[in-house]
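Basis for what follows: all heavy atoms, side chains included, without hydrogens, waters or symmetry-related copies.
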Amino acid sequence: MDWLDALIMGIVQGLAEYLPISSSGHLEICHNLLGLDTSGAEALQFDVVLHVATVLSTIVVLWHEFSGLCRSFFTLKRDKNTTLVYKILISCIPVLLVGIFLKDKVDALFGGNMLVVGTCLCITAALLTFAYITRTRPVWMPGKKVVSANVGRDINFFDAFIIGCAQAVAVLPGLSRSGSTIATGILLGNKRDRLASFSFLMVIIPVLGAAVLDIYGAATGKKELGNVGWLPCLVGFMASFIVGCLACKWMIEIVKRGKMIWFAVYCVIIGLICLFWA
């Protein structure tokens with residue numbers, strides 16, 4: 001992998017991690033188009049670098065909210081921030097169970113399988129379409145109709161768990177994590193102005209946890225790190241981080257306005273191309 005490949009992969013990861021088009025699916029497509037090895041230690045190492053970069057972009061964009069959650073949780077305050085942390089922790093349970101019991105089976109679906117990617121992208125398109133059709137009803141104001149992102153209920157503990165189940169299913173390549181979690185929240189009747197930030201915050205723990213486990217495995221000799229090189233890693237990291245910051249801000253506004261249907265159109269087009277490719 002050279003620096004140009006790393007730049008392309010970083011840009012794709014930064015965009016697709018937040019936009020509901022599946023970062024894992026698009027990375028698989030890029031692997032095939034660029035002729036890169038989609039398995040082995042090198043691919044694993046570079047994917048971890050890209051995902052850590054987008055997690056850091058989430059923390060930067062949502063720093064005010066993230067820092068407040070940390071302060072409340074670690075100082076044992078009993079406020080709404082601590083309650084939100086508990087909801088985020090509950091949302092992580094399903095993906096944790098998948099990581100423990102189904103990791104090998106999920107990993108087997110990667111490796112350039114365009115049939116799986118295409119199918120999952122079409123499922124993402126269907127989910128986004130269904131969420132758009134059944135989205136929160138407009139609020140009627142004198143003389144005009146207004147679609148408000150504040151309509152709906154706050155995310156409760158049950159909602160957090162169901163949204164977490166959507167995140168766990170979205171480990172499949174081509175099934176968008178952000179699209180699945182946000183669409184699930186919309187279907188549950190949650191407020192759209194809170195859904196995007198909750199969706200982005202809930203992925204921090206699983207991604208950083210996976211990165212720590214990979215580093216620990218490499219340090220103990222249980223896992224082999226690939227020889228990607230410092231320049232591709234740096235270029236990919238910076239591209240993913242910078243583009244991720246922009247995409248995160250953009251996606252929050254898109255969710256508030258309820259304009260995700262265009263991503264459904266994109267996903268079905270790319271999904272069909274992948275199926276024909278397969």
Side-chain angles (χ1 to χ4, degrees), residues 1 3-30 43-71 73 81 84-85 88 91-92 95 124 163-164 166-167 170-171 173 175-182 185 192-215 228 230-257 259-260 263 266:
M1 178 185 295
W3 69 268
L4 183 58
D5 293 332
L7 176 64
I8 295 171
M9 297 282 284
I11 292 173
V12 169
Q13 168 65 21
L15 281 173
E17 177 63 29
Y18 297 102
L19 304 182
I21 56 176
S22 177
S23 61
S24 60
H26 277 71
L27 289 179
E28 289 290 295
I29 294 171
C30 283
L44 173 64
Q45 176 191 353
F46 191 67
D47 284 352
V48 169
V49 169
L50 296 185
H51 280 86
V52 170
T54 48
V55 163
L56 292 180
S57 65
T58 300
I59 294 174
V60 169
V61 173
L62 300 176
W63 174 250
H64 180 72
E65 187 170 355
F66 177 78
S67 60
L69 295 176
C70 291
R71 282 195 301 271
F73 182 73
N81 283 336
L84 181 57
V85 173
I88 291 173
S91 74
C92 295
V95 75
T124 296
I163 295 173
Q167 175 172 252
V171 297
L175 195 57
S176 169
R177 190 205 65 81
S178 62
S180 298
T181 54
I182 292 171
R192 293 201 307 273
D193 63 344
R194 299 295 305 145
L195 270 174
S197 59
F198 183 82
S199 172
F200 299 152
L201 288 169
M202 66 187 284
V203 77
I204 292 176
I205 295 175
V207 170
L208 291 184
V212 169
L213 289 177
D214 287 332
I215 294 172
V228 178
W230 68 268
L231 181 58
C233 283
L234 178 62
V235 170
F237 180 91
M238 292 305 298
S240 184
F241 174 76
I242 295 172
V243 175
C245 287
L246 300 174
C248 183
K249 293 180 179 179
W250 185 26
M251 186 59 188
I252 291 174
E253 292 302 315
I254 290 173
V255 175
K256 288 179 180 179
R257 297 172 184 175
K259 299 294 185 181
M260 294 201 299
F263 295 107
Y266 171 83

N/O donor to acceptor pairs below 3.5 angstrom from side-chain atoms of residues 48-56, sequence neighbours left out:
residue: His51; atom: ND1; partner: Asp47; partner atom: O; Å: 2.7
residue: Thr54; atom: OG1; partner: Gln13; partner atom: NE2; Å: 3.4
residue: Thr54; atom: OG1; partner: Leu50; partner atom: O; Å: 3.4
residue: Thr54; atom: OG1; partner: His51; partner atom: O; Å: 2.9

_I'd like to check the side chain to side chain contact (heavy atoms under 4.5 Å, CB included) partners of Thr58; sequence neighbours left out, ordered by chain and number._
Tyr18, Leu62, Phe200, Ile204

_Any side-chain heavy-atom pair of Asn81 and Phe73 under 4.5 Å_ = no

*Can you name the side-chain hydrogen bond (donor to acceptor under 3.5 Å, both in side chains) partners of Ser23, sequence neighbours left out?*
Glu17

*Set of side-chain hydrogen bond (donor to acceptor under 3.5 Å, both in side chains) partners for Ser91, sequence neighbours left out*: none

*Who are the side chain to side chain contact (heavy atoms under 4.5 Å, CB included) partners of Leu231, not counting sequence neighbours?*
Trp3, Val235

*Could you pull out all residues at least two apart from Pro173 that satisfy side chain to side chain contact (heavy atoms under 4.5 Å, CB included)?*
Ser24, Glu28, Leu109, Phe110, Val116, Val117

_Could you tell me if the side chain of Val95 sits less than 4.5 Å from the side chain of Met202, heavy atoms only?_
no

_Expected output: side-chain Ser180 to main-chain Arg177 donor-acceptor under 3.5 Å_ = no

*Scan residues 50-68 for pairs that pass salt bridge (Lys or Arg N to Asp or Glu O under 4.0 Å), counting only residues two or more places apart or in two chains.*
Glu65-Arg194

*Do you know the tightest heavy-atom contact between Met260 and Val255?*
SD-CG2, 4.2 Å

*Atom CG of Leu7 and atom CG of Leu234: how far apart are they, to the nearest 0.5 Å?*
11.5 Å

*What heavy-atom pair brings Val12 and Cys30 nearest, and what distance separates the two atoms?*
CG2-SG, 3.6 Å

*asked:* So does Phe237 get a backbone contact from the side chain of Ser240, meaning a donor-acceptor N/O pair under 3.5 Å?
replied: no

*Sequence-distant partners of Leu15, side chain to side chain contact (heavy atoms under 4.5 Å, CB included), two or more places apart*: Ile11, Leu19, Val243, Ala247

*Mind checking what makes side-chain hydrogen bond (donor to acceptor under 3.5 Å, both in side chains) contact with Glu253, not counting sequence neighbours?*
none

*asked:* So, taking the atom named CG in Leu69 and the one named NE2 in His64, what distance separates them when rounded to the nearest 0.5 Å?
replied: 10.0 Å

*asked:* Restricting to non-hydrogen atoms, name the atom on Pro20 and the atom on Ser176 that form the minimum distance, rounded to 0.1 Å.
replied: CA-OG, 3.2 Å

*Ring geometry between His26 and Tyr266 (parallel below 30°, tilted from 30 to 60°, perpendicular above 60°)*: parallel

*Taking the side chain as every heavy atom from C-beta outward, state whether Met251 and Ser199 have any pair of such atoms under 4.5 Å apart.*
no

